[in-house]
Amino acid sequence: MRTAMETQPQAAELPTTPCSVVWSRGHAYVLEGFRARWVGRDDRGRPHAITGAEMQRRGWTLHQTA
């Protein structure tokens with residue numbers, strides 16, 4: 001018998017190539033290579049930077065969702 005933890009897919013690793021793009025909460029984020037942070041815009045269009053750990057907590061995907 002499998003437990004709930006065994007049936008859930010493993011979390012994917014964030015891309016590590018500079019200028020990689022991921023989507024989180026409807027916004028695109030680009031990996032800055034020299035600072036190792038993800039940079040995007042908030043709901044009001046202001047610059048927003050987060051760490052890789054924060055991106056993992058927020059959830060992300062390689063493709064924009066509708």
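Bear in mind that the values here come from a model prediction, so they are computed numbers and not experimental data.
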Would you mind writing out the side-chain donor-acceptor pairs for residues 21-31 within the sub-3.5 Å range, not counting sequence neighbours?
residue : atom : partner : partner atom : Å
Ser24   : OG   : Arg58   : NE           : 3.3
Ser24   : OG   : Gly59   : O            : 2.8
His27   : ND1  : Arg41   : O            : 3.3
His27   : NE2  : Asp43   : OD1          : 2.6
Tyr29   : OH   : His48   : ND1          : 3.2
Tyr29   : OH   : Arg58   : NH2          : 3.2

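For the pair Thr51 (side chain) and Glu54 (backbone), a donor-acceptor distance under 3.5 Å is present.
Expressed to the nearest 0.5 Å, how far CD of Gln56 lies from CD1 of Ile50 amounts to 10.0 Å.
Partners of Arg37 according to the side chain to side chain donor-acceptor pair (under 3.5 Å) rule, which considers only residues two or more places apart in sequence or in another chain, are Glu32.
In the hydrophobic clustering of this structure, Trp60 does not group with Val39; members are Ile, Leu, Val, Met, Phe, Trp, Tyr whose side-chain heavy atoms approach within less than 4.5 Å, directly or through other members.
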